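All ligand and atom numbering here is 1-based and tracks the order in the structure. All values derive from a computational prediction rather than experimental measurement.
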Amino acid sequence: MEDKNKAWSGRFNEPVSQLVQRYTASVNFDKRLAEYDIQGSRAHAQMLAAQGIISAEDLAAIEQGLSEIYNEIKGGAFEWSITLEDVHLNIEKRLIAIVGDAGKRLHTARSRNDQVATDIRLFLRTSIDEIIPLIKAMQRALLDLAEKHTDTVMPGFTHLQVAQPVSLGHHLMAYFEMLKRDAERLTDCRKRVNKLPLGAAALAGTSYPIDRELVAQKLGFDGVCENSLDAVSDRDFAIEFCASAALIMTHLSRFSEELILWMSPSFSFIELTDRFCTGSSIMPQKKNPDVPELVRGKTGRINGHLIALLTLMKAQPLAYNKDNQEDKEPLFDTVDTLIDTLIIYTDMMSGVHVNHDAMRSATMKGFATATDLADYLTKKGLPFRDSHEVVAKAVQFAEKKGCDLSDLKLSNLQTFSKLIEDDIFSVLTLEGSMMSRNHIGGTSPTQVKAAIERAKESLA
Ligand code: ARG
């Protein structure tokens, strides 16, 4: 009976149905963990030998067998079998086929429960180490674009209504800040990912004289998980990673939404180079911002994976439950989607062409310097609330005339307040408004340039 091949089939009297086999197997997706599984097995075997739990000959055979398996997998020659459930049992079975009894000794003082937790942590650590530099590359691309646009005026929005003039460079640097926190979050998450579960065995530890510190050191972990029940069961480190990933995607989805708006003919603030867009099969005039739209869409998928993992973990009793096998697909997809998104987004930054005139005239349309007029009056002694009211009336007047505040005659402006003198016009220009916000965190081009310098240092 084929089923008797299973590592655990000894006490079972009937085989599982094909459907149950397919339902419970994970090899189709967890084979992705193979290289980490082999890495973990090698370190475990070395420790078993160092502690005299297996012989030096057994270790040599195991190591040789594992390298053969590694090459088979890399070369595509390895035959994965769904009957053998998962990556761990597939590799173990092959090891036994290659090296015989030594292979049967590898699983001494170990369970698939601590084995799989170790594999995922190794996978995730590697992924984080790949993702952080990609975030930095995206930050660099933002810096490059911001540097070209420290003096470019655009409307700053609140409620998607023109609010105050801001520098495009300042706007872009807002995303730099978000990504900076995102990278910090992943660096922090890595500390908790990088702990060794091996040694926890099935749940309670093992009666063999193991040396967990040695295994941790061989695998580059910062330490060991201190409680065996916790080590095999919790997936909080993966949840934390997915939460950080969801935030990165959320940040990029905000930016995407803006790029989509900015590209629309009603805004025409930017153009995106053709390789990130597609046309319509029916409307010949269309150029659709597919990449930003998909980033926005894929954010939903990444948020979904976070919720999937939280729900998976919720109310699980200690210790390991098979529920946890479901952690892999959401985690893998999160890593893959995030990596692709960051690479494509970074590249896309170099394809953004800015239409200065459209940004400028949109800023002119929204009475963006109204606050500046109010501040001008307040600086001359009028209480701010009264200034606010004066300016509201002036705006109403300009609106009726169909012009901007800066287009009004001095005599017109003076009908709203006697405090207004001819120095008002420098205050009402877009550049004047922008330049006056000259403190750390403000939009004045001087400050934006300083922020860019600090940002460069933070990346160095
Ligand atoms: N494939 C399993 C997983 O991904 C490995 C652990 C299986 N442990 C068990 N007790 N059945 O979680």
Measure from every N or O atom of ligand 1 to the protein's N or O atoms and keep only the pairs below 3.5 Å, writing each with atom names and distance to 0.1 Å.
| unit_1 | atom_1 | unit_2 | atom_2 | d |
| --- | --- | --- | --- | --- |
| ligand 1 | 1 (N) | S26 | OG | 3.4 |
| ligand 1 | 1 (N) | D86 | OD2 | 3.0 |
| ligand 1 | 1 (N) | Q325 | OE1 | 2.7 |
| ligand 1 | 4 (O) | K328 | NZ | 2.6 |
| ligand 1 | 8 (N) | N113 | OD1 | 2.8 |
| ligand 1 | 10 (N) | N113 | OD1 | 3.1 |
| ligand 1 | 12 (O) | Y320 | OH | 2.4 |

Ionic contact status for [Y] with [X], cut-off 4.0 Å:
{"X": "D222", "Y": "K191", "value": "no"}
{"X": "R32", "Y": "D336", "value": "yes"}
{"X": "D129", "Y": "R190", "value": "yes"}

**Item:** Sidechain-backbone polar pair: D114 side chain, R110 backbone, donor-acceptor under 3.5 Å
**Value:** no
Residues 245-254, side-chain donor-acceptor partners within the protein, below 3.5 Å, at least two apart:
| unit_1 | atom_1 | unit_2 | atom_2 | d |
| --- | --- | --- | --- | --- |
| T250 | OG1 | A246 | O | 2.6 |
| H251 | ND1 | D182 | OD1 | 3.3 |
| H251 | ND1 | D182 | OD2 | 2.8 |
| H251 | ND1 | L247 | O | 3.3 |
| S253 | OG | T250 | O | 2.9 |

**Message:** If we count only N and O atoms by modelled type, under 3.5 Å, do the side chains of E271 and N355 hold a donor and an acceptor together?
**Reply:** no
